[in-house]
Amino acid sequence: MSLDLYLDTADTAAWDALMPTGLFTGITTNPLLAQKAGLSYGAIDWAEMARRAADHGARELHVQVAGAPEGYADFAARLRQIGADAGLTIVMKVPLTEAGIRAAPALLQGGPVLMTACYDARQMFVAAGLGAQFIAPYFGRMLEAGLDADDALARMRAIGQAAGGGTRILIASIRDTEQMTRLVAAGQDCFAIAPHVASALLSDDRTIAAAEEFERAAAS
């Protein structure tokens with residue numbers, strides 16, 4: 001099992017702060033994350049974003065399609081060329097709507113695709129059937145909607161294994177590190193995490209106290 005973490009934000013200040021830790025395989029974005037970062041999705045300079053992500057060591061940048069489905073293929077082609085120029089892989093994120101599902105095969109011809117906004121285990125049949133490289137269940141949102149998210153992810157994992165294991169579950173909408181540790185214990189290995197969750201991985205009060213004790217002993 002290979003454990004992969006993705007920084008889930010369009011806030012480049014968070015990239016500057018957290019990507020240099022070396023913890024992250026890549027960065028994931030979407031229109032809501034862009035809005036939270038004060039960006040207009042249609043006006044984003046993706047070439048600059050890709051260069052910045054690559055400079056921070058990201059191997060992948062996940063970018064969500066938007067607008068009319070008939071424009072997805074052109075948007076994906078442009079983004080993938082931008083990624084190639086920057087030296088990283090662009091993964092196109094496509095919502096699991098019927099329109100998105102119907103548009104996905106054309107996108108898959110050009111490179112990796114992540115089927116996003118997953119709320120139900122049955123959607124794994126779609127992602128695996130399409131041959132998508134990733135599917136992103138919204139774990140925290142599922143829990144908050146009263147769904148049995150842990151059971152749904154276990155079923156998704158079983159469906160994926162039955163389909164040959166080609167579609168990886170990239171769990172999004174993680175609320176805290178305890179959820180991550182619980183899910184890894186259940187066999188999950190791929191997470192998109194917000195900056196506050198990432199920051200929580202970097203600090204523990206007991207560890208800080210121990211390190212301070214070491215420094216006092218070293219200085220005595």
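- Scanning for salt bridge (Lys or Arg N to Asp or Glu O under 4.0 Å) contacts around Arg59 gives an empty result, with sequence neighbours left out.
- For residues 186-220, the set of pairs meeting the ring pair (Phe, Tyr, Trp, His ring centres under 6.0 Å) definition, not counting sequence neighbours, is empty.
- Taking Arg182 as the reference, Asp150, Glu178 meet the salt bridge (Lys or Arg N to Asp or Glu O under 4.0 Å) condition, with sequence neighbours excluded.
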Would you list the atom pairs, donor with acceptor, under 3.5 Å between side chains in residues 114-142 and any protein atom, with sequence neighbours excluded?
from, atom 1, to, atom 2, distance (Å)
Thr116, OG1, Tyr138, OH, 3.3
Asp120, OD1, Arg122, N, 2.9
Asp120, OD1, Arg122, NH1, 3.3
Asp120, OD2, Arg122, NH1, 3.0
Gln123, OE1, Tyr119, N, 2.7
Gln123, OE1, Asp120, N, 3.0
Gln133, OE1, Val113, N, 2.8

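- Side-chain contact check for Thr181 versus Val184: every heavy-atom pair is 4.5 Å or farther apart.
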I'd like a table of donor-acceptor pairs (distance under 3.5 Å, sequence neighbours excluded) in which one partner is a side-chain atom from residues 64-71, with atom names and distances.
none

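- Pairs passing the side chain to side chain donor-acceptor pair (under 3.5 Å) check and including a residue from residues 205-219, sequence neighbours excluded, read Asp204-Arg206.
- Contacts of Phe24 classified as ring-ring contact (aromatic ring centres under 6.0 Å, His included), with partners at least two apart in sequence or in another chain: none.
- Residue pairs that meet the salt bridge (Lys or Arg N to Asp or Glu O under 4.0 Å) test with at least one member in residues 16-38, sequence neighbours left out, are Asp16-Arg52.
- Considering only residues two or more places apart in sequence or on other chains, Glu144 meets the side-chain hydrogen bond (donor to acceptor under 3.5 Å, both in side chains) condition with Arg175.
- Here Asp4 pairs with Arg168 under the salt bridge (Lys or Arg N to Asp or Glu O under 4.0 Å) rule; sequence neighbours left out.
- Grouped by direct or indirect side-chain proximity (heavy atoms under 4.5 Å, Ile/Leu/Val/Met/Phe/Trp/Tyr only), Ile208 sits alone.
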Show which side-chain atoms of residues 83-95 pair as donor or acceptor with protein atoms under 3.5 Å away, not counting sequence neighbours.
from, atom 1, to, atom 2, distance (Å)
Asp85, OD1, Gln81, NE2, 2.9
Lys93, NZ, Thr29, O, 2.9

